[in-house]
Amino acid sequence: MRLLAEPLEGVRLVALAPRHDARGAFTRLYCRDALAGLGVPETMLQANLSASPRQGTLRGLHYQLPPSAETKLVTCVGGRIHDVVVDLRRGTPGFCRHASFALDAERPQLLIVPPGCAHGFLTLSADVTVLYLVSAAYDPASERGVRYDDPQFGIRWPVPPALVSERDLAHPPFDAARNRAW
Ligand SMILES: Cc1cn([C@H]2C[C@H](O)[C@@H](COP(=O)(O)OP(=O)(O)O[C@H]3O[C@H](C)C(=O)[C@H](O)[C@H]3O)O2)c(=O)[nH]c1=O
């Protein structure tokens with residue numbers, strides 16, 4: 001598990017090392033000890049599997065408020081996605097900045113999303129599957145979202161989304177002066 005990039009504080013892209021042989025491949029997706037030095041909590045509470053059959057599906061951008069704020073370990077295990085992380089931590093140099101990542105199941109990588117960052121992705125192929133571990137339990141009451149096209153963030157998506165949930169279309173504009181941050 002080798003660190004490839006850290007474009008925002010604590011937002012880290014890690015290379016995974018699939019072991020290939022005549023039968024196929026074996027890839028370790030999570031290792032507490034190997035990730036300990038990369039800001040990942042010792043305990044991950046949930047594993048989520050997100051399946052999106054249609055290319056152009058956009059999910060996010062979501063985050064949970066404290067005390068349910070979570071670290072996410074994201075891996076694309078099927079297809080390809082354009083993954084985006086937005087830093088909503090007031091006081092960090094990256095406040096309201098975002099980082100984008102091309103995640104592809106053919107080149108396994110692990111994206112570490114720290115608490116205080118919104119996360120979302122756009123599928124760039126059909127039959128996308130994203131597996132992610134989270135360090136806090138799902139808490140709908142503390143979940144918040146920002147719009148994928150909020151002008152404050154200036155996110156450039158490679159293609160326009162073809163499918164977005166009603167909930168994700170209904171997120172209000174992020175108010176950098178007022179919205180609660182970390
Ligand atoms: C996140 C979550 C959702 N759910 C239920 C709630 C809904 O009935 C259904 C779909 O949830 P949602 O529409 O929030 O799914 P996504 O839009 O893919 O949400 C995810 O989108 C972006 C990419 C993220 O990073 C978040 O982890 C996550 O919020 O699963 C649960 O039961 N447990 C959970 O942990």
Side-chain angles (χ1 to χ4, degrees), residues 7-14 29-30 35 38-41 43-89 94 96-105 108-150 153 155-172 174 179-182:
L8 294 168
E9 188 178 309
V11 178
R12 296 181 171 109
L13 184 65
V14 175
L29 295 183
Y30 169 76
L35 293 171
L38 296 173
V40 174
T43 306
M44 303 306 282
L45 291 188
Q46 275 183 210
N48 298 328
L49 194 69
S50 161
S52 306
R54 185 171 165 188
Q55 180 173 330
T57 301
L58 190 144
R59 293 174 181 261
L61 296 123
H62 305 152
Y63 61 102
Q64 292 192 158
L65 293 172
S68 301
E70 78 271 53
T71 295
K72 292 175 188 162
L73 306 181
V74 182
T75 300
C76 181
V77 296
R80 296 182 297 114
I81 62 173
H82 183 80
D83 195 294
V84 173
V85 178
V86 180
D87 189 341
L88 300 178
R89 298 167 292 184
C96 283
R97 283 179 47 210
H98 71 278
S100 302
F101 305 88
L103 300 182
D104 185 336
Q109 294 174 325
L110 182 72
L111 178 61
I112 300 169
V113 182
C117 291
H119 174 253
F121 61 83
L122 174 67
T123 64
L124 299 180
S125 69
D127 302 326
V128 161
T129 305
V130 176
L131 171 68
Y132 47 106
L133 300 180
V134 292
S135 64
Y138 176 55
D139 176 15
S142 76
E143 192 177 42
R144 299 292 184 275
V146 295
R147 275 188 65 102
Y148 70 94
D149 58 356
D150 190 319
F153 307 131
I155 300 169
R156 300 176 64 174
W157 299 92
V159 292
L163 179 57
V164 188
S165 69
E166 287 302 317
R167 181 171 71 103
D168 285 342
L169 290 171
H171 296 311
F174 181 73
N179 281 62
R180 185 169 168 207
W182 272 255

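Counting starts at 1 for both ligands and their atoms, in listed order.
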Q. Who gets closest to atom 19 (O) of ligand 1 by heavy atom: Q46, E166, H62, R59?
A.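 Selected option, by shortest heavy-atom distance: H62.
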Shortest non-hydrogen contact between [X] and [Y], atoms and distance:
X: V128; Y: G79; result: CG2-CA, 4.2 Å
X: L73; Y: V40; result: CD2-CG2, 3.8 Å
X: D150; Y: P172; result: OD2-O, 4.5 Å
X: L8; Y: V85; result: CD1-O, 4.0 Å

Sub-4.0 Å protein heavy atom next to [atom]:
atom: atom 17 (O) of ligand 1; value: yes
atom: atom 10 (C) of ligand 1; value: no
atom: atom 30 (O) of ligand 1; value: no
atom: atom 25 (O) of ligand 1; value: yes
atom: atom 7 (C) of ligand 1; value: no

Please list, in number order, the atoms of ligand 1 under 4.0 Å from a heavy atom of [X].
X: K72; answer: 24 (C), 25 (O), 26 (C), 27 (O)
X: N48; answer: 35 (O)
X: Y132; answer: 20 (C), 24 (C), 26 (C), 27 (O), 28 (C)
X: E143; answer: 29 (O)
X: F121; answer: 23 (C)

**Q.** R156 CZ: over 12 foreign heavy atoms closer than 6.0 Å
**A.**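 No, the 6.0 Å shell around CZ holds no more than 12 heavy atoms from other groups.
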Q. Heavy atoms, side chains only, cut-off 4.5 Å: are S50 and T129 in contact?
A.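 A side-chain contact is absent here, since even the closest heavy-atom pair is not under 4.5 Å.
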**Q.** Heavy-atom side-chain contact between H119 and Y63 under 4.5 Å
**A.**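 Contact flag for H119/Y63 side chains = no.
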Q. Which protein non-hydrogen atom lies closest to atom 13 (O) of ligand 1, naming both residue and atom, and how far is it?
A.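 Here the nearest protein heavy atom works out to R167 NH2, 3.7 Å.
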Q: Show the numbers, then the answer: is there a side chain to side chain contact (heavy atoms under 4.5 Å, CB included) between L61 and I155?
A: CA-CA 11 Å; L61 296 123; I155 300 169; 4.0 Å; yes
